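Contents: one structure, followed by commentary.
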2 protein chains.
Amino acid sequence: MKIDPTGPELAYVQVADDIAGRIERGELRTGDRLPPERELAGDYGVSYDTIRRAAEVLRERGLIRTVHGKGTFVA
Amino acid sequence: MKIDPTGPELAYVQVADDIAGRIERGELRTGDRLPPERELAGDYGVSYDTIRRAAEVLRERGLIRTVHGKGTFVA
DNA sequence: GGAAATTTGTTCGTATGTATA
DNA sequence: TTATACATACGAACAAATTTC
């Protein structure tokens, strides 16, 4: 679940693609809550900032929605 | 009691060290309850987040214990 | 039992400084 | 110079546990 920070792919793109893949494969389903952003940062071995960027990408794609104080959910 | 945010020492370390010093000097004794975390934040002029980090350090050192809904006590 | 106040716990939102490519 | 990435810190919203009346 870790990200390769040395590869040609940007870290936040790798994270976004990984989460998108989990949604597409049905590992994450509509309404499911993702782990907290700061926990995802630890899971992927990246910074909170990188998770924020990845989440922004996924929100723009309409794959997730985020609620202040509650969490991030599969759309 | 305020913290120096411009110094090289991290804010949460400064807070943890200050509270540890008060315990070591006997100003705070076993069983004493500390002020609420959000009040400590105001006292030290730092954020709740910083107090939480400081408390985590002190818990790891075994100097305090925290009870949900009750408060934080000197160990 | 129930409501309110107090206090800690969790989670997202934002800003800043530093390092690197 | 700009964009990426990391870490710290401050702010805001939501939730749970405890006590008291």
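Fair warning: this is a prediction, and the values are worked out from it, not measured in the lab. All chains are named by letter (A, B, ...) in the order of the sequence lines, taking the proteins before the strands, and each is independently numbered beginning at 1.
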**Message:** In this structure, how many angstroms lie between the C1' atom of D:dA5 and the CZ atom of A:R52, rounded?
**Reply:** 15 Å
**Request:** Report yes if a donor N or O on one partner sits less than 3.5 Å from an acceptor N or O on the other, where the partners are the side chain of A:R38 and the base of C:dG9; otherwise report no.
**Result:** no
**Complete:** Of the listed D:dC6, C:dG9, C:dG13, the closest approach to the A:E37 side chain comes from C:dG13
**Prompt:** If you measure from CG on A:L40 to OG1 on A:T50, what distance do you get to the nearest 0.5 Å?
**Reply:** 12.0 Å
**Message:** Using the side-chain heavy atoms of B:S47, tell me which of these nucleotides is nearest: C:dT11, C:dG9, D:dC10.
**Reply:** D:dC10
**Prompt:** Atom CG of B:L40 to atom P of C:dT7: distance rounded to whole Å?
**Reply:** 11 Å
**Request:** Let me know the distance between CD of B:E56 and P of C:dT10, rounded to the nearest Å.
**Result:** 10 Å
**Length of the CZ-C1' vector between B:R65 and C:dT7, whole Å** = 15 Å
**Message:** Expressed as a whole number of angstroms, how long is the span from B:I51:CD1 to D:dG11:C1'?
**Reply:** 15 Å
**Prompt:** Taking only N and O in the side chain of A:T72, is any of them less than 4.0 Å away from OP1 or OP2 of C:dT11?
**Reply:** no
**Asked** Under 4.0 Å: is that the gap between some side-chain N or O of A:T50 and OP1 or OP2 of D:dT4?
**Response** no
**Request:** Say whether B:Y44 and B:D18, considering side chains only, have a donor N or O and an acceptor N or O under 3.5 Å apart.
**Result:** yes
Indicate every side-chain donor-acceptor pair of residues 60-75 of chain A with a distance under 3.5 Å to a residue at least two apart or in another chain.
{"unit_1": "A:R61", "atom_1": "NH2", "unit_2": "A:D17", "atom_2": "OD1", "d": "3.2"}
{"unit_1": "A:T66", "atom_1": "OG1", "unit_2": "A:R59", "atom_2": "NH1", "d": "2.9"}

**Asked** For A:Q14 and D:dT4, what is the distance between atoms CD and P respectively, to the nearest whole Å?
**Response** 14 Å
**Request:** Verify the neighbour count for atom CZ of B:R29: are there more than 12 heavy atoms of other residues, nucleotides or ligands below 6.0 Å?
**Result:** no
**Message:** Taking the minimum atom-to-atom distance to the side chain of A:T66, which one of D:dT4, D:dA17, C:dC12 wins?
**Reply:** C:dC12
**Prompt:** Quick one: the side chain of A:R59 and the base of C:dG13, do they pair up donor-acceptor inside 3.5 Å?
**Reply:** no
**Item:** Atom-to-atom span, CZ of B:R53 to P of C:dG9 - whole angstrom
**Value:** 15 Å
**Message:** From CD of B:E9 over to P of D:dA9, roughly how many Å is that when rounded to an integer?
**Reply:** 10 Å
**Item:** pair A:V57-A:V13: side-chain heavy atoms closer than 4.5 Å
**Value:** no
**Closest listed nucleotide, where the reference is the side chain of A:A11 and the choices are D:dA5, D:dT8, C:dT11** = D:dA5
Under 3.5 Å, which protein N or O atoms sit close to an N or O of nucleotides 15-17 of chain C? Give each pair with its distance.
none

**Request:** Would you give the length of the straight line joining atom CZ of B:R22 to atom CG of B:D32, rounded to the nearest 0.5 angstrom?
**Result:** 10.0 Å
**Request:** Could I get the full list of side-chain hydrogen bond (donor to acceptor under 3.5 Å, both in side chains) partners for A:E37, not counting sequence neighbours?
**Result:** A:Y48, A:R52
**Message:** Between B:Y12 and D:dA9, is there a contact of a side-chain N or O with OP1 or OP2 at under 4.0 Å?
**Reply:** no
**Message:** Quick check on D:dT19: is either OP1 or OP2 less than 4.0 Å from any side-chain nitrogen or oxygen of B:K70?
**Reply:** yes
**Request:** Might you point out which heavy atoms bring A:I51 and A:V46 nearest each other, and give the distance in Å?
**Result:** CD1-CG2, 3.8 Å
